[in-house]
Amino acid sequence: MKNWMFGLSLLAVILCGFLWQQKNRELTMVTRRDNVLAAEAAQDKKWARRLQAQLQATRRGAASADSPGSVAHPNPLFRDPQMKQALEEEAAEGIKKNVARLFQSGLTNRLRLSATQSQTLQELTAQKAAIFWQQMLLPLMTGEISDADMPAAGQALRQAYESNQAQMRALLGDEGMGVYDWFAKTQAARDELAKFQGEGSADAPSLTDQQAAQLTAVMEQEYATFKSQYELDDPSKMDLEHWRANFTEEKLEVVGQELEDLNDRIMQNSQTMLTPEQAAAFREFLAKQRLRGAFVMRSTTALFANSR
């Protein structure tokens with residue numbers, strides 16, 4: 001659930017990665033002298049204000065789409081054809097990295113796939129992520145889908161997703177599909193732990209191999225058994241014909257609380273395997289991840305939700 005559906009988690013990577021890439025390009029134009037830190041701080045504030053203004057503009061555009069057949073005015077950020085191309089390139093790169101991490105986690109060995117079968121499954125996994133990006137998220141961002149188009153777009157998206165799933169099931173069988181779904185659902189846990197270990201902490205000793213294995217098992221178990229009141233990570237249970245209805249403020253608040261509760265359970269089940277310093281560092285890390293998740297949710301609401 002924490003990866004928050006294929007396209008939405010990818011959206012966070014795309015937006016943040018692209019915006020920071022653009023920000024860094026601007027920073028390279030600043031003369032690197034003793035005041036470089038001050039310049040970076042000023043640029044951070046500038047980009048924060050810019051992003052806030054862009055999100056507010058998106059909300060206004062959604063609110064102004066009053067007629068059933070109207071197209072919400074796309075955010076100015078996404079009108080430029082070069083921006084659209086850049087977003088598509090970022091999406092392709094993000095999908096590639098996400099698929100690579102999933103298969104590096106041991107999926108191929110567990111499924112006992114041949115090289116050809118593994119390649120086919122990787123292509124289908126990438127296709128699944130691309131479906132949401134190409135058929136819904138990008139057109140919504142650029143204003144290419146109107147309210148009147150939404151039911152047809154949702155039906156096409158559902159058909160494409162179901163076709164993708166049918167091809168996977170034909171390749172893997174029911175048992176293999178169960179293994180694949182477990183790996184896909186728990187991948188965010190492995191990604192988070194790798195990020196936690198990569199960031200490190202001056203106040204907490206690094207995890208031993210045994211601790212890392214135990215913590216991985218705890219997180220995978222919690223992620224595998226996690227169920228939300230609103231299945232925003234399961235396209236088969238989403239209202240794809242009324243896309244914006246999936247992301248109301250009420251639903252996002254519920255999901256946010258559920259994810260906070262999930263973090264609490266992870267902490268409770270990992271206390272005995274971590275030192276007090278490690279536990280404090282891990283708790284702080286999970287809190288930061290929760291804030292990042294909240295930003296993705298609110299940003300998604302601003303970009304895609306109908307505020308009427």
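No donor-acceptor pair under 3.5 Å is formed between the side chain of Gln268 and the backbone N or O of Arg265. A donor-acceptor pair under 3.5 Å is formed between the side chain of Asn246 and the backbone N or O of Trp243. Glu258 contributes a side-chain N or O that, together with a main-chain N or O of Gln229, makes up a donor-acceptor pair within less than 3.5 Å. Judged by distance alone, the side chain of Lys185 and the main-chain N or O of Phe226 form a donor-acceptor pair under 3.5 Å. Panel note: side chain Lys251, backbone Ala245; a donor-acceptor pair is recorded below 3.5 Å. Side chain of Gln278 to main chain of Ser206: a donor-acceptor pair is present (N/O by atom type, distance under 3.5 Å, no hydrogens or angles).
Shown here are the side-chain contact (heavy atoms from CB on, under 4.5 Å) partners of Thr272, two or more places apart in sequence or in another chain: there are none. For Asp261, the side-chain hydrogen bond (donor to acceptor under 3.5 Å, both in side chains) partners two or more places apart in sequence, or in a different chain, are Gln257. Residues meeting the side-chain contact (heavy atoms from CB on, under 4.5 Å) test with Gln104, sequence neighbours left out: Ala100. Under the side-chain contact (heavy atoms from CB on, under 4.5 Å) criterion, Gln214 pairs with Gln210, Met273, not counting sequence neighbours. When the side-chain hydrogen bond (donor to acceptor under 3.5 Å, both in side chains) test is applied to Gln155, no partner is found at least two apart in sequence or on another chain. With sequence neighbours left out, the salt bridge (Lys or Arg N to Asp or Glu O under 4.0 Å) criterion links Lys288 to Glu284. Taking Asn269 as the reference, Glu222 meet the side-chain hydrogen bond (donor to acceptor under 3.5 Å, both in side chains) condition, with sequence neighbours excluded. Partners of Ala279 by side-chain contact (heavy atoms from CB on, under 4.5 Å), not counting sequence neighbours, listed by chain and number: Met267, Gln271, Leu274. Listed by chain and number, the residues in a salt bridge (Lys or Arg N to Asp or Glu O under 4.0 Å) with Asp209 amount to none (sequence neighbours excluded). Residues meeting the side-chain hydrogen bond (donor to acceptor under 3.5 Å, both in side chains) test with Arg158, sequence neighbours left out: Glu241.
No donor-acceptor contact under 3.5 angstrom links the side chains of Glu88 and Gln134, judged on distance only. Looking only at atom types and distance, the side chain of Tyr161 has no donor-acceptor partner in the side chain of Gln135 under 3.5 Å away. A donor and an acceptor atom, one from each side chain of Glu123 and Gln127, are nowhere located under 3.5 Å apart.
Residue Leu286 holds its CG atom at 11.5 Å from CG of Leu259, rounded to the nearest 0.5 Å. The CD atom of Gln159 sits 11.5 Å away from the CD1 atom of Ile131 when rounded to the nearest 0.5 Å. Taking OG of Ser163 as the start and CG of Leu124 as the end, the distance is 9.0 Å to the nearest 0.5 Å.
Closest approach of Tyr223 and Ala188 over heavy atoms only: CE2-CB, 3.7 Å. In terms of heavy-atom proximity, Ala212 sits nearest to Gln197 at CB-NE2, 3.6 Å. Thr108 and Ser118 make their closest contact through OG1-OG, 3.3 Å (heavy atoms, listed as atom of the first residue, atom of the second, distance). Annotation for Phe285 and Glu192: closest pair CZ-O, 3.2 Å, computed over non-hydrogen atoms. The two residues Leu107 and Leu121 have their closest heavy-atom pair at CD2-CD2, 4.3 Å. Taking both residues in full, the closest heavy atoms of Leu215 and Ser270 are given as CD1-CB, 3.5 Å, listed atom of the first, atom of the second, then distance.
Pairs of residues two or more places apart, or lying in two chains, never qualify as ring-ring contact (aromatic ring centres under 6.0 Å, His included) while including a residue from residues 86-109. Here salt bridge (charged side-chain N to carboxylate O under 4.0 Å, His left out) pairs that include residues 99-114, with residues two or more places apart or in two chains, are Arg101-Asp191.
A heavy-atom distance below 4.5 Å is not found between the side chains of Asp174 and Met177. Within the 4.5 Å cutoff, the side chain of Arg190 has heavy atoms near those of the Phe183 side chain. The shortest side-chain heavy-atom distance between Tyr230 and Met238 does not fall under the 4.5 Å cut-off.
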